[in-house]
Amino acid sequence: MCQWKVNFRYNADPAAVEPVVRQTLLSRKLLRGVARLGIAVSGGADSVALLHLLLPICREKKIEPVVLHLNHGLREASEQEAVFVQELASQAGVQCISQKRQVTVSAGVSLEMAAREVRQTFYAECCASARLDAIATGHNADDVAETLLLRLARGAGATGLSPLLKGGARRAGVCLLRPLLNISANALRDWLRQRGIAWCEDASNADTGIPRNRVRHDALPTLENAFGHALRPSLCRTADILREEDNLLDALAQRQMKKCVAGNALLIKPLLKRHLALRRRIVRLWLFENGAAFASGFDTGERLLGLCADGAKTRLQLTDGVAAVSDGTVVILVRRKTPAEPVVLVTDEICCWRNLTFLCSSAHGVESVAHGIGNYPAVCTIDPDACDGLPLVVRSRKPGDRLAPYGMRGTKKVQDIFVDEKVPEYLRDTIPLLTCGGAIVWIPGFRIAQPFAVQSSTSLSLRVETDVQV
């Protein structure tokens, strides 16, 4: 008879803290290849315990620890907590990177979520600047139980209900280690008290206006009174079981995804042949791999699957700047890019605009390389006298732009040129326009403007070449 293997064990005994942390790190080989380890320390009990638990292991393994502290500036005590952490690191003889960042809350984003994003950015920057191989955080078993209930209330699936991987998890390119996930918050505090180690108590933890605190102080105690004090271990065990099932389904989805994706396109017909559970995960993975993790929620995934099932040419707006476009056979993501700042060309110097390089140099006669708008490299030559001493400027299109194409009478709207040349709408803001004195001189890959054309094969000219930046 096959028995289900559960890796989780809820430890509420302070005597178990040290051996459990050591076993978690060493048996799972979480420190393999780690020479410099960031330790996230807020000043609270969990992170202070984390620091004191990891320091001897780091010394034993010859790992250089670096304390990381981010001051969100959200409370009056934030400055004192920053000083406390700096002194803690100094007493331990450990380098400390402490910074203050502003947390900006936008529509539809909670303060907690905004602060988390700021932290992740801080961690990523620390990894790069301090050459860190991983970052350890002080999340504990109670965090797992609380997160499970919060996400259950939102209607999450197995991925959402299996939060906080024990180690090796990556977020924004940062390898995160969480060696305290088998230990309760009370056990960590008792362990600190037994050793006379002080920590900072965050007064905002008592604010039940914050959803997590409401779960911690109201929902969990109420449920424990009704169902018994084994509730937290049971919730953590459930999260562990769901985590293993989620890993299996993700592995299956990764394999199936190879048959449902070509380049950056999602192939509709093979996708629809998969089981619904796999279809949902394939769409989610596809969004992640194409830089659209923000759109990977359940509702958006269902809308995308509906778009695939329709089998029609249609467009689904995911955000103001990103849309999913289907031609009935494939789905691709298109992005509306913010126009780049104009760039003034300097003779004999390579100038960059978006992902393109421009080189302007002195030449003789006429030269043209044109493979169509949006195709590079592209080359043109310009009559320097027509510039009348004014600089050449590269910019994005503007409403009302017109070009007087060489060999044609009159002018033509740049918008109409793009339409005639079948330039996709989502690419039009990425097409460079070479201008002089406000007039359009050249659209790379297309014709030069009549007034700026070089008249003779022996005349002096300005040669402009553009290519994709390597």
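Just so it is clear, the structure is predicted and the values come from calculations on it, not from any experiment. Numbering of residues begins at 1 and proceeds along the displayed sequence.
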- Given side-chain contact (heavy atoms from CB on, under 4.5 Å), test Ser461 with Asp383 step by step and report yes or no. CA-CA 5 Å; Ser461 61; Asp383 180 358; over 6 Å; no
- Kindly indicate, with the supporting measurements, whether the criterion side-chain hydrogen bond (donor to acceptor under 3.5 Å, both in side chains) is fulfilled by Asn213 and Asp207. CA-CA 6 Å; Asn213 291 342; Asp207 181 6; 5.8 Å; no
- With the side chain counted from C-beta on, respond yes when Leu304 and Leu287 share a heavy-atom pair under 4.5 Å apart, and no when they do not. yes
- Task: Using the side-chain hydrogen bond (donor to acceptor under 3.5 Å, both in side chains) rule, take Ser98 and Gln86 through it: C-alpha gap first, then chi angles, then the decisive distance, then the call.
- Result: CA-CA 7 Å; Ser98 179; Gln86 290 164 11; 3.2 Å; yes
- Go through the structure and list residues passing side-chain hydrogen bond (donor to acceptor under 3.5 Å, both in side chains) with Thr314, not counting sequence neighbours. none
- Note on the structure: Taken in chain and number order and not counting sequence neighbours, the residues that satisfy side-chain hydrogen bond (donor to acceptor under 3.5 Å, both in side chains) with Thr137 are His139
- Message: Using 0.5 Å steps for rounding, measure from the CG atom of Leu68 to the SG atom of Cys126.
- Response: 4.5 Å
- Task: Hey, could you give me the SG/CD1 distance between Cys436 and Ile382, rounded to the nearest 0.5 Å?
- Result: 8.0 Å
- Task: Check the pair Leu266 / Val330 against side-chain contact (heavy atoms from CB on, under 4.5 Å), numbers first and verdict last.
- Result: CA-CA 5 Å; Leu266 185 64; Val330 301; over 6 Å; no
- Message: Suppose the criterion is side chain to side chain donor-acceptor pair (under 3.5 Å): which pairs have a residue in residues 447-457, not counting sequence neighbours?
- Response: Ser456-Thr458
- Item | Electrostatic pair Glu245:Arg243 at N-O distance under 4.0 angstrom | no
- Query: In this structure, are over 12 heavy atoms from other groups packed under 6.0 Å from Arg101 atom CZ?
  - Reply: yes
- More than 12 heavy atoms of other residues, nucleotides or ligands under 6.0 Å from CD1 of Ile350: is that the case? no
- If we ignore angles and hydrogens, is there a donor and acceptor under 3.5 Å between the side chains of Gln99 and Asn71? no
- Task: Look up atom OG1 in Thr466 and atom CH2 in Trp442, then write down how far apart they are to the nearest 0.5 Å.
- Result: 6.0 Å
- Task: Scan residues 263-275 for pairs that pass side chain to side chain donor-acceptor pair (under 3.5 Å), counting only residues two or more places apart or in two chains.
- Result: Gln256-Arg274
- Determine, stepwise, if the pair Leu359 / Glu349 fulfils side-chain contact (heavy atoms from CB on, under 4.5 Å). CA-CA 6 Å; Leu359 178 61; Glu349 289 187 14; 5.8 Å; no
- Atom CG in Leu180, atom OG1 in Thr24: separation rounded to 0.5 Å? 8.5 Å
- Message: Does atom NZ (Lys412) have a neighbourhood of more than 12 heavy atoms from anything else shown, all under 6.0 Å?
- Response: yes
- Would you mind checking if Asp143 and Arg178 are paired as a salt bridge, meaning a charged N to carboxylate O distance below 4.0 Å? no
- Query: Quick one: side-chain hydrogen bond (donor to acceptor under 3.5 Å, both in side chains) partners of Asp246, sequence neighbours excluded?
  - Reply: Thr159, Arg281
- Note on the structure: So CG of Leu316 and CG of Leu318: to nearest 0.5 Å the spacing works out to 5.0 Å
- Message: Return the OG1 to OH distance between Thr357 and Tyr376, rounded to the nearest 0.5 Å.
- Response: 10.5 Å
- Query: Residues in side-chain hydrogen bond (donor to acceptor under 3.5 Å, both in side chains) with Arg395, at least two apart?
  - Reply: Asp401
